[in-house]
Amino acid sequence: MKFFIDTANLEQIKEAQSLGVLDGVTTNPSLVAKEGIEGRENLLKHYVKICNIVDGDVSAEVISTDFEGMIKEAEELAALHSNIVVKVPIIKEGLKAIKYLNDKGIKTNCTLIFSPGQALLAAKAGATYVSPFLGRLDDIASDGVDLIHRIVPIFRFYGYETQVLAASIRSTQHIIQCAEAGADVITSPLDSILGLLKHPLTDLGLEKFLLDYNSTVGKK
Ligand code: G3P
C-alpha cells in the first residue's frame, strides 16, 4: 500500500518525506487555502516546490467545472512537473475530462467519490486514481471504510488498473482499516501516519532496555 500525505504544508511534507515511507502528496483547494497562498502564479510555484520535495505523484486539483476549463487547467498543471497528477471531480464534465486526459497520457485522480458507481465510471474513463472520501461519509453516519470494501473487489474483478486512493482519512485506525480492505493508496494527515508508530509496550520495552544497559554495560 502506498502512503500519500494529504496536505499542502511544505514543513509537514518534508517531515513525512524524512520518514522514508512517503510515496506522494494530495492537495485540494481547501488545503491550499489553509496555507494562505494568494494568486494563481504563487499556487503553481507552490506545486513545483512540493514536487521537488517528494519523488512521487502530487495531486493538484482543477477548479473549473466545464470540460474546456478543466482541460486548460489540467494541461497547465501537468506541464509544471512530471510528478503532477490532475485532480478532477466526479461530475459529467469531469468524466469527459478524465477520458480526454487519459488519452493524452496525463495522469488523473478522480475526487469526491462517495459511491461504487462513481468509482466504476471513473475507472472506465481511465482515471489513474479514484479518491473515495471516508471521513466525510462517517460524518453523515454512513460507513466510509465499507466504501473501500465495495470498490476494491469491483476493480479487481474487472481488472481495472485504476488505483483506489482512500482519502478523507481522519485517524490511524482508518489507515489500518483501508489496508485490510485492500486500498492501493491511503492519503492522510501526518498525525494519523505517525500514530501507526505508537504502542505503549514499545515505549515501556525501550525504557527497560535502556535502563538495563545503563545500569550494567554502560555504567560510568
Ligand atoms: O484530499 C481530499 C480529502 O482527503 C479531504 O479530507 O478531511 O477534508 O474530508 P477531509
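Whatever order the structure lists ligands and atoms in, that order sets their numbers, starting from 1. Model, not experiment: these values are computed from the prediction. Residues take their numbers from the sequence shown, with the count starting at 1.
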Q) Do side-chain atoms of Asn102 reach the backbone of Ile98 as a donor and acceptor pair under 3.5 angstrom? A) no

Q: Give the numbers and elements of all ligand 1 atoms closer than 4.0 Å to a heavy atom of Ala167.
A: 4 (O)

Q) Is Glu61 touching ligand 1 with its side chain, its backbone, both, or neither, if touching means heavy atoms under 4.0 Å apart? A) neither

Q | Selected option - heavy-atom contact closest to atom 7 (O) of ligand 1, from Arg170, Lys87, Arg136 | A | Arg170

Q.
Counting neighbours of CG on Asp55 that are heavy atoms of other residues, nucleotides or ligands and sit closer than 6.0 Å, is the number greater than 12?
A. no

Q: Would you mind running through ligand 1 and noting each atom that sits below 4.0 Å from a heavy atom of Phe133?
A: 2 (C), 3 (C), 5 (C)

Q.
Before you tell me yes or no, could you show the steps for Asp143 and His149 under side-chain hydrogen bond (donor to acceptor under 3.5 Å, both in side chains), namely the whole-Å CA-CA distance, both residues' side-chain angles and the distance that decides it to 0.1 Å?
A. CA-CA 10 Å; Asp143 188 343; His149 279 285; over 6 Å; no

Q) Is there any N or O on Asn28 that sits under 3.5 Å from an N or O of ligand 1? A) yes

Q | atom 4 (O) of ligand 1 - nearest protein heavy atom and its distance | A | Asp6 OD2, 2.4 Å

Q. Is any NZ, NE, NH1 or NH2 atom of the basic residue among Lys2 and Asp184 found under 4.0 Å from an Asp or Glu carboxylate oxygen of the other?
A. no

Q. Among Ser131, Pro189, Ser168, which residue places a heavy atom closest to atom 10 (P) of ligand 1?
A. Ser168

Q: Using the side chain to side chain contact (heavy atoms under 4.5 Å, CB included) rule, pick out the option among Val25, Thr26, Asp6 that qualifies with Leu31.
A: Asp6

Q | Evaluation steps, side chain to side chain contact (heavy atoms under 4.5 Å, CB included), between Asn52 and His81 | A | CA-CA 9 Å; Asn52 287 334; His81 197 285; 3.6 Å; yes

